[in-house]
Asker: 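Just passing along the structure, written as structure tokens.
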Amino acid sequence: TQVQRPEKLGADARRDLLPPLAQTGWGSVDGRDAIRKVYRFKDFVEAFGFMSRVALAAEKLDHHPEWRNVYRTVDVTLATHDAGGLSILDVHLARRMDALAHGAEH
Ligand code: H2B
């Protein structure tokens, strides 16, 4: 059986869902239908703790970030590869990541 494929977000959904994420630091990506945020933490332990919590959440959602960690920064890009752009799953993961970073960001 076919795994459920998420649909690319339509214009109406984008107008509703993306501005609140922009408020928390998520921005668009040049040349790509994706969103990006750079988190900065107190130190490496906080950054890696965040990544560990996100990894478990991502597995539960079956939706995974593209990310890069350098010392206390975590640079995240979200897109749905199966949809060729942004889907609702990226919005869900972005919100989850913000919740899991709460209190640890510097
Ligand atoms: N993560 C992201 N970011 N995009 C996807 O298209 C994607 C994923 N697909 N995680 C999932 C896994 C898919 O491969 C499985 C089969 O559901």
Side-chain angles (χ1 to χ4, degrees):
T1 66
Q2 166 110 28
V3 175
Q4 209 178 332
R5 289 170 73 88
E7 287 176 18
K8 242 170 106 148
L9 285 180
D12 290 350
R14 284 165 196 261
R15 263 196 305 276
D16 290 343
L17 300 173
L18 297 184
L21 286 177
Q23 288 293 318
T24 73
W26 290 93
S28 54
V29 176
D30 279 349
R32 216 186 138 184
D33 187 23
I35 53 174
R36 175 172 177 245
K37 177 173 177 176
V38 180
Y39 292 91
R40 191 166 73 196
F41 297 91
K42 178 170 69 86
D43 56 24
F44 176 75
V45 170
E46 293 293 331
F48 202 82
F50 167 71
M51 294 178 81
S52 301
R53 297 190 295 277
V54 170
L56 297 176
E59 265 304 285
K60 277 191 196 163
L61 276 176
D62 190 26
H63 197 65
H64 303 88
E66 302 171 26
W67 55 7
R68 169 180 157 86
N69 162 236
V70 179
Y71 178 38
R72 64 196 184 99
T73 71
V74 182
D75 187 336
V76 183
T77 296
L78 299 182
T80 302
H81 310 112
D82 297 338
L86 287 173
S87 78
I88 192 66
L89 293 177
D90 300 301
V91 175
H92 288 155
L93 184 56
R95 289 176 180 160
R96 197 84 192 93
M97 291 183 80
D98 282 345
L100 290 171
H102 191 71
E105 281 180 275
H106 272 239

Asker: So for atom CZ, which belongs to R68, do other residues, nucleotides or ligands contribute more than 12 heavy atoms lying within a distance under 6.0 Å?
Answerer: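 Not more than 12 within 6.0 Å, no.
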
Asker: Check A94 against I35 and note the closest heavy-atom contact, atom names and distance.
Answerer: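 Between these two residues, the closest heavy atoms are CB-CD1, 4.1 Å.
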
Asker: Let me confirm one number: the CG-CG distance from L61 to D90, rounded to the nearest 0.5 Å.
Answerer: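 It is 10.0 Å, given to the nearest 0.5 Å.
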
Asker: Over all heavy atoms of both residues, which pair between A83 and P6 is shortest? Give the atoms and the distance, please.
Answerer: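 Between these two residues, the closest heavy atoms are CB-O, 3.3 Å.
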
Asker: Got L21 and R95 here, is their nearest side-chain heavy-atom distance under 4.5 Å?
Answerer: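 They are in contact (side-chain heavy atoms under 4.5 Å apart), so the answer is yes.
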
Asker: Are more than 12 heavy atoms, taken from residues, nucleotides or ligands other than H106, located less than 6.0 Å from that residue's NE2 atom?
Answerer: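 For H106, atom NE2 is crowded (more than 12 foreign heavy atoms under 6.0 Å).
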
Asker: Do H81 and E66 touch side chain to side chain, with heavy atoms closer than 4.5 Å?
Answerer: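 Yes - at least one pair of side-chain heavy atoms lies under 4.5 Å apart.
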
Asker: Compare every heavy atom of L9 with every heavy atom of A13, then report the nearest pair and how far apart it is.
Answerer: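 That would be CB-CD2, 3.9 Å.
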
Asker: Calculate, to the nearest 0.5 Å, the distance between atoms CG and NE2 belonging to L89 and H92 respectively.
Answerer: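 Taking CG in L89 and NE2 in H92, the distance rounds to 7.5 Å.
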
Asker: For residues L18 and V38: do they belong to one hydrophobic cluster (side chain heavy atoms under 4.5 Å, members Ile, Leu, Val, Met, Phe, Trp, Tyr)?
Answerer: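 No.
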
Asker: Looking at CE of M97 and OG1 of T24, how far apart are the two atoms once the value is rounded to the nearest 0.5 Å?
Answerer: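 The distance works out to 11.0 Å.
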
Asker: In chain order, what residues pass the side-chain contact (heavy atoms from CB on, under 4.5 Å) check against A34, with sequence neighbours excluded?
Answerer: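 In terms of side-chain contact (heavy atoms from CB on, under 4.5 Å), with neighbours along the sequence ignored, A34 is linked to V29, R32, T77, A79.
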
Asker: Y39 and side-chain hydrogen bond (donor to acceptor under 3.5 Å, both in side chains): which single residue from D75, D98, N69, T73 fits?
Answerer: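 By the side-chain hydrogen bond (donor to acceptor under 3.5 Å, both in side chains) criterion, Y39 pairs with just one of D75, D98, N69, T73: D98.
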
Asker: Is there a side-chain contact between V54 and R96 (heavy atoms, below 4.5 Å)?
Answerer: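 Contact flag for V54/R96 side chains = no.
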
Asker: Who pairs with R53 by side-chain contact (heavy atoms from CB on, under 4.5 Å), at least two apart in sequence or on another chain?
Answerer: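 Partners of R53 under the side-chain contact (heavy atoms from CB on, under 4.5 Å) test: F50, L100.
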
Asker: Quick check: do L86 and L17 have side-chain heavy atoms less than 4.5 Å from each other?
Answerer: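 When only atoms from C-beta onward are counted, L17 and L86 do not touch, as no gap falls below 4.5 Å.
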
Asker: Could you list the donor-acceptor pairs under 3.5 angstrom formed between side-chain atoms of residues 40-48 and any protein atom two or more places apart in sequence or on another chain?
Answerer:
unit_1: D43; atom_1: OD1; unit_2: V45; atom_2: N; d: 3.2
unit_1: D43; atom_1: OD1; unit_2: E46; atom_2: N; d: 2.9

Asker: Just verifying a value: how many Å separate E7 CD and T80 OG1, rounded to the nearest 0.5 Å?
Answerer: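 One gets 11.5 Å once the value is rounded to the nearest 0.5 Å.
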
